**Q** 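Got a structure for you, written out below as structure tokens; questions coming shortly.
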Amino acid sequence: MSDAKREAVLAAARQVFMRYGYRRVTMGDIADAAKMSRPALYLVIPSKEEIFTAVLSQTFAEMLGKIRRDVGSFHTAREKLTFAFEIWFVGPCELIQKSPDAKDLLESGYEFSAEVVTNAFADFESILTDILEPLVRSQSTLRLSAAELSKLLTNSVMGQKRSANGPSELRHRAADLISIVLASVGAAN
């Protein structure tokens, strides 16, 4: 199997999944979008679950790469954390809001690709830990580590994502949580 064919399938599948969600998409839909026959698709990637997992893995890698690449261009911890949450939570929320049929993508990610999701969130929390570590080190009253604060912040925003009425409200709630965490380590920025 050529890498070019695999990439074409993943690009086509990403578009189809974003338009229709996971459950409504068939291998025939993906084959049509990739401009190949179903038998040819099965030779490239043999199952919808495997295609979805690969698309999810690729998407997470792109998001994490962007955060790692660009977070250094911000000066304060608040700016860095806000940027990271914008890419990791708010951006995907905006994409899913544009395609109501795609809401099942989040559930499907946990259902079929739990390891990919778990590893990606661990990588995201590692980035947050790197941002928070100097702040935690410089104060002596907080008993939580930077890693614990990262997990608390990520899980809190994830919970807010479920109840927020869209990206704007999620953005505001994330900003509030960032403020609380920064205040807990005595950082004004």
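Note that the structure is predicted; figures quoted are calculated from it, not measured.
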**Q** With rounding to the nearest 0.5 Å, note down the distance linking CG in N119 to OG in S113.
**A** 11.0 Å
**Q** Give every residue pair that meets the salt bridge (charged side-chain N to carboxylate O under 4.0 Å, His left out) criterion with at least one member in residues 35-47, sequence neighbours excluded.
**A** none
**Q** Looking at L41, D32, I45, which one forms a side-chain contact (heavy atoms from CB on, under 4.5 Å) with M27?
**A** L41
**Q** Not counting sequence neighbours, which residues clear side chain to side chain contact (heavy atoms under 4.5 Å, CB included) with A34? List them please.
**A** V9, A12, M36
**Q** For L152 and L177, what are the C-alpha separation, side-chain angles and deciding distance, and is it a side chain to side chain contact (heavy atoms under 4.5 Å, CB included)?
**A** CA-CA 10 Å; L152 179 67; L177 289 165; over 6 Å; no
**Q** Specify whether F17 and F52 have parallel, tilted or perpendicular ring planes, treating 30° as the upper limit for parallel and 60° as the lower limit for perpendicular.
**A** perpendicular
**Q** Applying side chain to side chain donor-acceptor pair (under 3.5 Å) to S163 and R173, what does each step give before you reach the verdict?
**A** CA-CA 10 Å; S163 64; R173 290 180 182 185; 2.7 Å; yes
**Q** With under 30° as parallel and over 60° as perpendicular, where do the rings of F89 and F85 fit, or are they tilted in between?
**A** parallel
**Q** Sequence neighbours left out, cut at 3.5 Å: what donor-acceptor pairs do the side chains of residues 54-61 make with other protein atoms?
**A**
{"residue": "Q58", "atom": "OE1", "partner": "R14", "partner atom": "NH2", "Å": "3.1"}
{"residue": "Q58", "atom": "NE2", "partner": "E7", "partner atom": "OE1", "Å": "2.8"}
{"residue": "T59", "atom": "OG1", "partner": "R14", "partner atom": "NH2", "Å": "3.4"}
{"residue": "T59", "atom": "OG1", "partner": "V55", "partner atom": "O", "Å": "2.8"}

**Q** Anything under 3.5 Å between a donor and an acceptor, one on a side chain of residues 64-71, the other on a protein residue two or more places apart or in another chain? List them.
**A**
{"residue": "K66", "atom": "NZ", "partner": "D70", "partner atom": "OD2", "Å": "3.0"}

**Q** Please report the C-alpha distance between V136 and S145 in whole Å, then the side-chain angles of each, then the deciding distance to 0.1 Å, and finally whether the side chain to side chain contact (heavy atoms under 4.5 Å, CB included) criterion is met.
**A** CA-CA 7 Å; V136 170; S145 70; 5.6 Å; no
**Q** Just how far is it from atom CD of E133 to atom CG of L128, taken to the nearest 0.5 Å?
**A** 12.5 Å
**Q** When rounded to the nearest 0.5 angstrom, what distance separates CG in L149 from CG in L182?
**A** 9.5 Å
**Q** Using side chain to side chain contact (heavy atoms under 4.5 Å, CB included) as the criterion, list what pairs up with P167, not counting sequence neighbours.
**A** V90, C93, E94, Q97
**Q** Output all residues satisfying side chain to side chain donor-acceptor pair (under 3.5 Å) with K48, sequence neighbours left out; order by chain, then residue number.
**A** none
**Q** Among all residues two or more places apart in sequence or in another chain, which pass the side chain to side chain donor-acceptor pair (under 3.5 Å) test with T154?
**A** none
**Q** E50: which residues meet the side chain to side chain donor-acceptor pair (under 3.5 Å) condition with it, sequence neighbours left out?
**A** none
**Q** Around atom CD of E169, are there more than 12 heavy atoms of other residues, nucleotides or ligands at under 6.0 Å?
**A** yes
**Q** Partners of S73 by side chain to side chain donor-acceptor pair (under 3.5 Å), sequence neighbours excluded?
**A** none
**Q** Report the distance from atom OG1 of T82 to atom CD1 of I87, rounding to the nearest 0.5 Å.
**A** 11.5 Å
**Q** What residues form a side chain to side chain contact (heavy atoms under 4.5 Å, CB included) with S179, not counting sequence neighbours?
**A** R78
**Q** Run the side chain to side chain contact (heavy atoms under 4.5 Å, CB included) test on T129 and L132 for me, step by step, so that the C-alpha distance in whole Å, both residues' side-chain angles and the decisive distance to 0.1 Å come before the verdict.
**A** CA-CA 5 Å; T129 299; L132 292 169; 6.0 Å; no
**Q** Could I get the full list of side chain to side chain contact (heavy atoms under 4.5 Å, CB included) partners for Y20, not counting sequence neighbours?
**A** V16, R24, V25
**Q** To the nearest 0.5 Å, tell me how far S150 OG sits from I127 CD1.
**A** 10.0 Å
**Q** Could you tell me which residues satisfy ring pair (Phe, Tyr, Trp, His ring centres under 6.0 Å) with F74, sequence neighbours excluded, listed by chain and number?
**A** F83
**Q** Side chains of L170 and N165: does their closest heavy-atom pair fall under 4.5 Å?
**A** no
**Q** Please report the interatomic distance NZ(K80) to CD1(I178), rounded to the nearest 0.5 Å.
**A** 13.5 Å
